[in-house]
2 protein chains.
Amino acid sequence: MKLPKETKSGHGKWYGDACGTAFAMEVIGERWALLIVRELMFGALRFSDLRAGMPGISAKVLTERLAGLEAAGVLIRRKLAPPAAGQVYELTAWGYAAETAIMEMGRWAAMSCAHDPTLPLSPASLMMSFRTMFDPALADGLEADLGFVVAGQAFRATVRTDSLKIRRTPAEGAQAILHAPAAPLVAAHVYGDVPLAELAAVRVEGDATVLARFVASVKLPPKIG
Amino acid sequence: MKLPKETKSGHGKWYGDACGTAFAMEVIGERWALLIVRELMFGALRFSDLRAGMPGISAKVLTERLAGLEAAGVLIRRKLAPPAAGQVYELTAWGYAAETAIMEMGRWAAMSCAHDPTLPLSPASLMMSFRTMFDPALADGLEADLGFVVAGQAFRATVRTDSLKIRRTPAEGAQAILHAPAAPLVAAHVYGDVPLAELAAVRVEGDATVLARFVASVKLPPKIG
DNA sequence: CAGAATCCCATTCGATACTG
DNA sequence: CAGTATCGAATGGGATTCTG
C-alpha cells in the first residue's frame, strides 16, 4: 500500500500532516521556492528578472517552481498591458502574507555563526533584510523617504516612527538615494560597518544624514549558535 | 564547471546566497528536517519517539536528518543518565530559537483554504498550534496551569496574562488535565468547535471551566488564500 | 526573450533485511 | 530499541534544443 500521490506536483504529497508547518513546507519547502517568493515580495517580476536574483537556478526548475507556486495559490501570472510584451509573476494576498515567516527565518539564520553574510546577495534580499532588521527603537523617531538603486533595481523605502515599508518603485524625489552596483557592497556598509568613503562604487544622492540615521536603525541580531 | 559542493551534507551546498532565508532553508529545508525540530521543541526525545510523531519517515532518512541537523548546530545528541539506557536528541539554544519561525510558517499555512486540518496530527504539533494561536486578548486575564496527555505524551501548559509556555512534563497537579488518545480529537474540539460531550474518548480531569477558558483563547486566523 | 520539451545522470527515497 | 546496509525505483536538476 502506497501513500496517496494526490496532486502529483506542488503540495499535499509529502507529509500528510495537519500541522501548519508541514503544509507550509510542502508549499514553499522545495528547493528555490522560498527564494522565488522572496524575490517577488516587493512587487511583480518577469521570468528573467527572477533568474537574475537567483544565480544558479535553471530555466527548467524556475518554470516548475512557478507552476507549483501558482497551483498552490502563492502567486499568479499576469499579462502586461499591450505596450510592454510578456508577463509578470505576482504574489497573491496569501503569498504576500508569507513575509512574516520569511523574515523570521532570516532572523533565525542570522543568529548562527555558520551564516556567511559575505556571499552574494540579491537586491531583494538586501531589502528584505532591512525590513527584518529594522528596529524602531534605534530609529529614534526617524521619518524619511529613501531610495535605493541596487544593481539597476530601484526600491523606495518609507520610514515611519514604528514601521518600514519598501516597494519596487523608482527612487526619484526621495530625500536620499543610495546608488550601488551590487547588494553586498551596501550590506558591507550597513551590517559590516564599512564607511561609505571606502566604497568608491557606492554613491549617495541627497541628504546623507537621513540615510545615516536609517543605517543606524538596522542591526543584525546577536549570535547564539 | 559545477557549483561548489562544500560540506557535502547538511548545509551550504545549495544556494550560495548570503540571504538569511536561503541559509535557513539550507539547514531546515530538507524534507522532514523542520518537522524534527517541531517534535523536539518542547523537550528532548528518543529516536523512536521521533518516528512516532512523523508517520511516513523512514529510519534511514531520520538518521540522515538528525546527523545533518547536528552538524548544523540545531540539535545535539545526549546520553541519558545510567538508569535509563540510550540517548536523546535535544535542540540547542539556536534550535529552540527557531520556534518563532516555525510558528509564523504555521500561521501562514493556516490562512490557506488548501490547508486540511483534518489530517493526522502529532501531539507536538497540537501543542505548537496552541502556542501559535494563543491570543492574550481572548484569554482575558486567564492565569492557569494545565495538563495535556495526548497519545500517551504529557505536556504542561502555563498560561499567564500575556504568555503561554508549554513543555514536556508530567501533568500531575495541574488545575485541569485533558486526556485524549489522539491529537486530532483535541483539535476537533479546540478548532472545530466539537463539544467535549461528543468526544467520548476525551476526558477532562479537574477544573473544566479553566480548560474551557483556555480553549476560548486559542483561535485560527481568517483564511485569505 | 520567455518558457516548454527532451535527454540523461546524480541524488534521494522507501522498503527490507540485518546488527549490537 | 536504535540504528546500519543494501538495492531498486523515483525524482531532481543541468544542459540542450525547440517554439512563439
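- Every pair tested for salt bridge (charged side-chain N to carboxylate O under 4.0 Å, His left out) that includes a residue from residues 175-187 of chain B fails, sequence neighbours excluded, so the list is empty.
- In the model, A:Ser122 has a side-chain atom that pairs as donor or acceptor with a side-chain atom of A:Ser125 under 3.5 Å.
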Enumerate donor-acceptor pairs with a distance under 3.5 Å from any side-chain N or O in residues 68-78 of chain B to protein atoms, sequence neighbours excluded.
| residue | atom | partner | partner atom | Å |
| --- | --- | --- | --- | --- |
| B:Glu70 | OE1 | B:Arg77 | NE | 3.4 |
| B:Glu70 | OE1 | B:Arg77 | NH2 | 3.4 |
| B:Arg77 | NH1 | B:Tyr89 | OH | 3.4 |
| B:Arg78 | NE | B:Glu90 | OE1 | 2.6 |
| B:Arg78 | NH2 | B:Glu90 | OE1 | 3.2 |

Can you give me every donor-acceptor pair (side chain of residues 164-171 of chain B, partner residue at least two apart or in another chain, under 3.5 Å) with its distance?
| residue | atom | partner | partner atom | Å |
| --- | --- | --- | --- | --- |
| B:Arg167 | NH1 | B:Arg156 | O | 3.3 |
| B:Arg167 | NH1 | B:Thr158 | OG1 | 3.3 |
| B:Arg167 | NH2 | B:Thr158 | OG1 | 3.4 |
| B:Arg168 | NH1 | B:Gln153 | OE1 | 2.5 |
| B:Arg168 | NH2 | B:Glu39 | O | 2.8 |

Check nucleotides 1-4 of chain D against the protein and report each pair of N or O atoms closer than 3.5 Å, with its distance, or say if there are none.
| residue | atom | partner | partner atom | Å |
| --- | --- | --- | --- | --- |
| D:dA2 | OP2 | B:Ser48 | N | 3.2 |
| D:dA2 | OP2 | B:Ser48 | OG | 2.4 |
| D:dG3 | OP1 | B:Gln87 | NE2 | 2.7 |
| D:dG3 | OP1 | B:Tyr89 | OH | 3.3 |
| D:dG3 | OP2 | B:Gln87 | NE2 | 3.3 |
| D:dG3 | OP2 | B:Tyr89 | OH | 2.9 |

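- Regarding contacts with the backbone of D:dG13, a side-chain N or O of A:Arg31 is found under 4.0 angstrom from either OP1 or OP2.
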Watson-Crick or G-U pairs under 3.5 Å in DNA chain D, rendered as dot-bracket with [ ] for crossing pairs and | for another strand: ||||||||||||||||||||
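- For the pair B:Glu64 CD and C:dT12 C1', the computed distance is 8 Å after rounding to whole Å.
- Protein atom CD of A:Glu30 is 12 Å distant from nucleotide atom P of D:dT11, rounded to whole Å.
- Taking atom CZ on A:Arg65 and atom P on D:dG12, their separation rounds to 7 Å, with Å as the unit.
- Pairs engaging residues 103-128 of chain B under the ring-ring contact (aromatic ring centres under 6.0 Å, His included) rule: A:Phe23-B:His115, A:Trp94-B:Trp108 [sequence neighbours left out].
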All N/O donor-acceptor pairs, side-chain side in residues 174-185 of chain A, below 3.5 Å, sequence neighbours left out:
| residue | atom | partner | partner atom | Å |
| --- | --- | --- | --- | --- |
| A:Gln175 | OE1 | A:Asp145 | N | 2.8 |
| A:His179 | NE2 | A:Glu205 | OE1 | 2.7 |

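- Legend: residues meeting ring-ring contact (aromatic ring centres under 6.0 Å, His included) with B:Phe214, ordered by chain and number and at least two apart, are B:Phe130, B:Phe148.
- The CG-P distance, from A:Leu62 to C:dA5, rounds to 16 Å in whole Å.
- The distance between atom CH2 of B:Trp14 and atom P of D:dG12, rounded to the nearest whole Å, is 12 Å.
- Scanning for salt bridge (charged side-chain N to carboxylate O under 4.0 Å, His left out) contacts around A:Arg107 gives A:Glu104, with sequence neighbours left out.
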